[in-house]
Colleague: 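Submitted below is the structure of interest, expressed as structure tokens.
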Amino acid sequence: MINFGKITGAKAQGNKVFVSFEKKEAIIEVICDSIINVFVPFDTKEHNSKAIDGNKAKKTEFTFSFSGNAVTLSTETVTAKIYKDLKIDFYTASGEIICRDYRGKMQTLVRMSEADAALMAKEGHRIQRAEFDKKINVVKRLERGEVLYGLGDKAGFMDKRGYEYVMWNTDTTAHHDEQMPSLYKSIPFYISKKKNGKKYGIFFDNTHKSVFNMGKDSPDYLWYGADGGNLDYYFIYGTTLADIVTSYTYLTGRAPLPQRWTLGYHQSRWGYVDEADVNYISSSMRENKIPCDAIHLDIDYMDNYKIFTWDKNRYKNPKKTVDNLRKNGFKVINIVDPGIKVEKDYDIYEEGLKKGFFATDSNGLPYVNAVWPGDSLFPDFGSPDVREWWGENLRFYSDMGTAGIWNDMNEPANFRGELPEDVVFTDENRKTNHAEMHNVYGHNMSRATYEGIKKHTGKRPFVITRACYAGSQKYATAWTGDNRSVWAHLRALIPQLCSLGMCGMPIVGTDIGGFMQDTTPELLLRWVEAAVFSPLFRNHCNKGSRYQEPWRFGKETLDIYRKFVELRYAFIPYLYDLLFEEEKTGLPVMRPLALHYENDTRAERCNNQFLVGKSLMCAPVIEQGALDRSVYLPKGEWYDVNTGKKIKGGKSIVANAPIDTLPLYAKAGAVLPNYEPMQYIGEKPLDTLILRVFKGEGTYTHYQDNGEDFAYRDGGYNKYEFTVSGNSLRGRLTHEGYDRKYKKIIVVCDGKSTTVKNTQDFEVKL
Ligand code: GLC
């Protein structure tokens, strides 16, 4: 443990209070009324955040005093009291405890007697022991009934309490489950909700390998320990969980609104190996009338897995293939891995080498490991010059007319074991090592990709990444990596995507049907049902696994699959509106029940249903063989979207859910915008909006724009406000900035539909 000693003095300067201890100085910075940063420089004098852009501190009134044994700092909403050894307690303005540092003894989880342990060690077994002494340690007290959310993509439950996770981006083919300490992303942020309703979040802005022991070893504390870096954390107070997510995304940034077509259906497989394969997929999509916007090309499109190449034997004229697909309404997404093949005369390799753009070993020689192309080098994406160079090279894809980049293997994954800690990388303008840059390798690669594509196309870049750090949402959407075709992974989708959403990553998805192993028709259908509202909606699977395109299992499966892809297309305007709002609030699309029903103990640890926005409840069947399921409807009035039946909430009901049914519930007063059926975005003008209205009291905001570029940021959109009250729906255009207005709005309520022609100002009797 770091020993700070007693406080010897304190002084305020601007937003900061410098607290001196016998052994070290800590800087407590007021970012705004509800966010306090605690910073102790160990590695670098200043913050060296890779997640936070610029200075987020707002001019905030605060008071501070030093009493001799404690420093007290108060904003309008939070008081921080700092004691010896940098123990900090946070209180509300009225003096109620929000979060206290733990001062007691740390204990090791007892797994066996000392005698047993000695015996096993002698036999050569590895003894699992809890360790509490990292370079950076923070220990927060836990209370009975406290629930802990967050930590990004960990395949655990919504409530992470009782488990231990490690932030270290990891490519693993093992079965992802709640005991898996590390997956592909490192988002060192958690949110606590206490039994008395107090809530806070902490973002540990440190990219080094770190452990989050979420009360696994003791019911009394949560331990965070990092191998290196600074002690640098943001304490975020909020009266609601939503406020905390909004504050966290204020710090780390929000996912920019994506192009509308990206919300369509994506078909992928490793691999569609050649032009004939891709043409077969695209024509089968249309023949089978499965709406589809994108086809993904996995590593087989390349010449020997060389990035920025296209195998001319498999694709005679790749540009023509891409053009033809585009004419037919398909966008092409190419996979782009970081590993650059070591091969003489391969231009990217030669150029990168000449410019010193690859990571090196401690002797300054390019560091070689193996990925798909065999021996490979690793672009040093932490360097602005490397990012610029990479971005420029991405013209290869944009000039070809492809519409998005899928960044994979960017943990970075390697076939000859992990990169040693001392491999030399750049962090902006200084040299550092793999230990610090590992967790931001994918983040920086996504940034290079986002910035490059934005420059070449002027459109909203579509980047998918596997590895992330906090803040990656600014550059990329993400998927959860190599899951399996097992029911446990279908179930995991809900807490995993909702947790990513709580950690600022709203545009996420899973490989529908499962990546590894062979799916079954039933699993595939239940998966497409559960994923209907996941912003990234992609069926993808492994080479050598059973084909899992929707038509591979016969007519019945195809018809049901189609029904749900059609449902997805109907709901694209709803998802788009949610993402429009998300750019302002940071609130995700897929939301855990707790986000809107915070004081409902039945909602707080729910892992098997989720909200889409605030007014739609989705309760997919996630058990093999089930034909119905229990659904918890929090207090309030709900409507069964499938039957129109009104249901009083505050209880569980049994939903009838045969294989072709997804239980869906709308809150009374909800307005859910839909499109008319289509095969892809852009097939026809989006001149008609359908409003599914559920009687009650409510308001809804809808946005209409070109769906492609950044004009919306300069007001280039139309905004409609809809108000449901009693038996009427009022609609008004309240902001005008896009010249294509709806020619008609069809209002559907209680099985009755009314067509409105004056879409800018209307009232409909429901
Ligand atoms: C990785 C990816 C997977 C991809 C495969 C081949 O396993 O996670 O999605 O298909 O590599 O590129």
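Side chains are part of it too, since the values below use all heavy atoms of this structure and drop only hydrogens, waters and symmetry mates. None of the values given here were measured: they were computed from a predicted structure. Counting starts at 1 for both ligands and their atoms, following the listed order.
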Colleague: When you measure from the centre of the six-membered ring of W551, is the NZ or CZ of R562 closer than 6.0 Å and no more than 45° off the axis?
Modeller: no
Colleague: Considering residues at least two apart in sequence or located in another chain, which fulfil the ring pair (Phe, Tyr, Trp, His ring centres under 6.0 Å) criterion with F415?
Modeller: W372
Colleague: Has the side chain of K459 got a donor or acceptor atom that lies under 3.5 Å from a matching backbone atom of K454?
Modeller: no
Colleague: Any cation-pi pair here, K341 with Y346, using under 6.0 Å and within 45°?
Modeller: no
Colleague: Is the positively charged end of R387 above the ring of F381, judged by distance under 6.0 angstrom from the centroid and angle within 45° of the axis?
Modeller: no
Colleague: Report each N/O pair between ligand 1 and the protein that falls under 3.5 Å, naming both atoms.
Modeller:
| unit_1 | atom_1 | unit_2 | atom_2 | d |
| --- | --- | --- | --- | --- |
| ligand 1 | 7 (O) | D482 | OD1 | 3.4 |
| ligand 1 | 7 (O) | D482 | OD2 | 2.7 |
| ligand 1 | 8 (O) | R466 | NH1 | 2.7 |
| ligand 1 | 8 (O) | D482 | OD1 | 2.5 |
| ligand 1 | 8 (O) | D482 | OD2 | 3.4 |
| ligand 1 | 9 (O) | H540 | NE2 | 2.9 |
| ligand 1 | 10 (O) | D298 | OD2 | 2.5 |
| ligand 1 | 10 (O) | H540 | NE2 | 2.9 |
| ligand 1 | 11 (O) | D408 | OD2 | 3.0 |
| ligand 1 | 12 (O) | D298 | OD1 | 2.5 |

Colleague: Would you call E708 and R260 a salt bridge, taking side-chain N to carboxylate O under 4.0 Å as the test?
Modeller: no
